[in-house]
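Have a look at the structure below before the remarks.
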Amino acid sequence: MSTFSLDPGPDQIAVRDWLHGFAADVVRPAAAEWDEREETPWPIIQEAAKLGIYSLEFYAQQYFDPSGVGIPIAMEELFWGDAGIGLSIVGTTLAAVAVLANGTDEQIGTWAPQMFGTPDDVKVAAFCSSEPDAGSDVSALRTRAVYEEATDEWVLNGTKTWATNGGIAAVHVVVATVDPTLGARGQASFVVPPGTPGLSQGQKFKKHGIRASHTAEVVLDSVRLPGHCLLGGKEKLDERLARAREGVRKSGRNAAMATFEASRPAVGAQAIGIARAAYEVALDYAKTRVQFGRPIIDNQGVAFQLADMKTRIDAARLLVWRASWMAATNQPFTSAEGSMSKLYAGETAKWVTAQAMQILGGNGFTREYPVERMHRDSAIYSIFEGTSEIQRLVIARAVSGLPIR
């Protein structure tokens, strides 16, 4: 077991400084432009790929870092640069995590590399879980997957929504219902390979924040998939469904929730990056902005705001690092520590960016300063990958042992 430490080792520090340089030199200068364009920043993704930042090898190296903090450090630095561009660079990893969490070794080896492509031919991937009538309530998914034994094929029909990279991805990972009578326990994840007929992009959303990240509906119209596209394989699925029908509680995790559980601390780290960026802008502004003959940081009202901002950012990071270390050392989240980290970090990002706007006053409300964009970007962190309300429900159930609704 890795010894817990709050002092990153030389490897983590080297990665942090490398990513910080990329975020400062490449991401930040382009942030406002791609936010306005509301388009996927392919040139920046390609630049990240050429440097080795956008690659399966890089994320695998961070994911398997025994300290557990490799991924949080990487996420924080990239999102310190810009959340929209950051999500465009790391959005593929959610689909990759879905394959890692649910797939066989052969499936991981087959599909994960195709999600990233090559530096000369960059690809992205999409994880498709939410639906127009099923967001937090994953048991309400209507997308169906029907098995045709004669041809060993699955036929998928339905509509997914809020899919990062949906429709533009080379590889889509789709959560679908196999047995509607079992609710969330009757679902499975499927890989939809590049160029599969029947998959198309629906509506592309024009969003309040993270606008450089592509978010769209994905329409599945009689999409036919070979049997090997079922993550985990049919034998494992049949065993799990049989146990579920018998009422055995230990029947494996829900396909969507297994992905979200693994990704929540990483999402919390993204929120910390946004909060830290806004805090740094506000701190610098408060030191240089002169009113009534002195810098505004000389006023306790402003200084105390900054003190609280810094304290909450550091507290959020500690929760994220704890959850990440626990996951890396295979310790169970007995008190929903993963949800705690995502909840607190997401709420902190919203609060800190709002305080930063207040400290900048009228300037904070304009697009001449980045805190306005950071504030818009932060809003999603109490909504996606499990709303703050859902995180509180998960935590409450964990600490009480009761089926709170």
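For the numbers below, each heavy atom of this structure counts, side chains included, while hydrogens, waters and symmetry mates do not.
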message: Is there a side-chain contact (heavy atoms from CB on, under 4.5 Å) between Tyr381 and Val267? Walk through the geometry before answering.
response: CA-CA 8 Å; Tyr381 284 86; Val267 175; 3.7 Å; yes

Evaluation steps, side chain to side chain donor-acceptor pair (under 3.5 Å), between Thr215 and Lys204: CA-CA 6 Å; Thr215 310; Lys204 178 187 175 183; over 6 Å; no

- request: Under the side-chain contact (heavy atoms from CB on, under 4.5 Å) rule, what do Asn157 and Ser222 come out as? Steps first, then yes or no, please.
  value: CA-CA 5 Å; Asn157 284 283; Ser222 296; 3.5 Å; yes

query: Could you walk me through whether Asp120 and Lys50 pass the salt bridge (Lys or Arg N to Asp or Glu O under 4.0 Å) check?
result: CA-CA 8 Å; Asp120 294 325; Lys50 289 179 178 178; 5.4 Å; no

message: Quick one, Leu87 with Phe384, criterion side-chain contact (heavy atoms from CB on, under 4.5 Å). Give me CA distance, side-chain angles, the key distance, then yes/no.
response: CA-CA 12 Å; Leu87 193 56; Phe384 75 172; 4.1 Å; yes

field: Test log, rule side-chain contact (heavy atoms from CB on, under 4.5 Å), inputs Leu141 and Gln187
entry: CA-CA 9 Å; Leu141 295 183; Gln187 297 168 1; 3.6 Å; yes

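Contacts of Glu337 classified as salt bridge (Lys or Arg N to Asp or Glu O under 4.0 Å), with partners at least two apart in sequence or in another chain: none. Scored by the salt bridge (Lys or Arg N to Asp or Glu O under 4.0 Å) test, Asp238 finds Lys234 as partners (sequence neighbours excluded).
Between the side chain of Thr93 and the backbone N or O of Ala96, no donor-acceptor pair lies under 3.5 Å. The backbone N or O of Val155 sits nowhere less than 3.5 Å from a side-chain atom of Arg224 that would complete a donor-acceptor pair. Between the side chain of Lys160 and the main chain of Val175, a donor-acceptor pair closer than 3.5 Å is present. Looking at Lys342, its side chain never comes within 3.5 Å of a backbone N or O of Ser263 through a donor-acceptor pair. No side-chain donor-acceptor contact under 3.5 Å links Gln114 to the backbone of Ala170. At least one donor-acceptor pair closer than 3.5 Å links the side chain of Thr311 to the backbone N or O of Ala307. Using a distance-only test at 3.5 Å, with no hydrogens or angles considered, a donor-acceptor pair links the side chain of Asn165 to the main chain of Ala125. Counting only distance, with no hydrogens or angles, the side chain of His172 and the backbone of Cys128 share no donor-acceptor pair below 3.5 Å. For the pair Gln270 (side chain) and Trp80 (backbone), a donor-acceptor distance under 3.5 Å is absent. A side-chain donor-acceptor contact under 3.5 Å links Thr104 to the backbone of Gln107.
Between the OG atom in Ser400 and the CD1 atom in Ile395 there is a gap of 11.5 Å [rounded to 0.5 Å]. Between atom OG1 of residue Thr177 and atom CD of residue Glu131 there is a gap of 7.0 Å, rounded to the nearest 0.5 Å. The distance from atom OG1 of Thr161 to atom CG of Asp133, rounded to the nearest 0.5 Å, is 10.0 Å. From Leu231, atom CG reaches atom NZ of Lys236 across 9.5 Å, with rounding to the nearest 0.5 Å. Note that the CZ atom of Phe79 and the CD1 atom of Ile272 stand 12.0 Å from one another [nearest 0.5 Å]. Here Ile85 contributes atom CD1 and Glu33 contributes atom CD; the two are 8.5 Å apart, rounded to the nearest 0.5 Å.
Across every non-hydrogen atom of Leu156 and Ala145, the tightest pair is CD1-CB, 3.7 Å. In plain terms, the two heavy atoms of Trp154 and Gly227 that are nearest each other are CD1-CA, 4.0 Å. A pairwise comparison of heavy atoms in Val320 and Pro265 identifies CG1-O, 3.4 Å as the closest pair. Pairing each heavy atom of Ala328 with each of Gly68, the nearest pair is CB-CA, 3.5 Å. The minimum heavy-atom distance linking Ala303 with Ile297 is given by the pair CB-O, 3.6 Å. The two residues Gly166 and Ala216 come nearest to each other via the heavy atoms O-CB, 3.6 Å.
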Which donor-acceptor pairs under 3.5 Å do side chains of residues 40-48 form with protein atoms, sequence neighbours excluded?
unit_1, atom_1, unit_2, atom_2, d
Gln46, NE2, Pro119, O, 3.1

Enumerate donor-acceptor pairs with a distance under 3.5 Å from any side-chain N or O in residues 359-366 to protein atoms, sequence neighbours excluded.
unit_1, atom_1, unit_2, atom_2, d
Asn363, ND2, Tyr285, OH, 2.9
Thr366, OG1, Asn363, O, 2.9
Thr366, OG1, Glu368, N, 3.4

Can I get a per-line list of side-chain donor-acceptor pairs under 3.5 Å for residues 14-23, giving both atom names and the distance, sequence neighbours left out?
unit_1, atom_1, unit_2, atom_2, d
His20, ND1, Glu77, OE1, 2.8

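Residues Glu347 and Ser388 bring a donor and an acceptor atom of their side chains to less than 3.5 Å of each other. Checked by atom type, the side-chain pair Arg264/Ser339 shows a donor-acceptor distance below 3.5 Å. No hydrogens or angles considered: a donor-acceptor pair under 3.5 Å links the side chains of Asp65 and Ser67.
Counting only heavy atoms from C-beta outward, the side chains of Glu385 and Leu94 approach each other to under 4.5 Å. Counting heavy atoms from C-beta on, the side chains of Met340 and Ser335 come closer than 4.5 Å. In this structure, Thr353 and Glu372 have side chains that are not in contact, with every pair of non-hydrogen atoms separated by 4.5 Å or more. Taking 4.5 Å as the limit, every side-chain heavy atom of Trp34 sits out of range of all side-chain heavy atoms of Asp82. For the pair Trp321/Ile73, a side-chain contact is recorded, criterion being any heavy-atom separation below 4.5 Å from C-beta on. Looking only at side-chain heavy atoms (C-beta outward), Leu343 and Arg392 come within less than 4.5 Å of each other. Looking at Tyr279 and Leu306, their side chains come closer than 4.5 Å, going by heavy atoms from C-beta outward. Using a 4.5 Å cut-off on side-chain heavy atoms (C-beta onward), Pro10 and Ile13 make no contact.
Identified under the ring-ring contact (aromatic ring centres under 6.0 Å, His included) test for residues 204-230, with sequence neighbours left out: Trp162-Phe205.
A salt bridge does not link Asp35 with Arg373: every distance from a Lys NZ or Arg NE/NH1/NH2 to an Asp or Glu carboxylate oxygen is 4.0 Å or more. Salt bridge status for Lys310 with Asp314: present, with a side-chain N to carboxylate O gap under 4.0 Å. A salt bridge does not link Asp284 to Lys287: none of the charged side-chain nitrogens sits closer than 4.0 Å to a carboxylate oxygen. Salt bridge present: Arg276 and Glu76 bring a charged side-chain N and a carboxylate O closer than 4.0 Å. Classification of Glu36 and Arg367 as a salt-bridged pair holds, one side-chain N sitting under 4.0 Å from a carboxylate O. Using a 4.0 Å cut-off between charged nitrogen and carboxylate oxygen, Lys206 and Glu38 count as a salt-bridge pair.
Heavy-atom neighbours of Gln358 CD from other residues, nucleotides or ligands within 6.0 Å: at or below the threshold of 12. Counting non-hydrogen atoms of neighbouring residues, nucleotides and ligands closer than 6.0 angstrom, the CZ atom of Arg142 reaches no more than 12 such neighbours.
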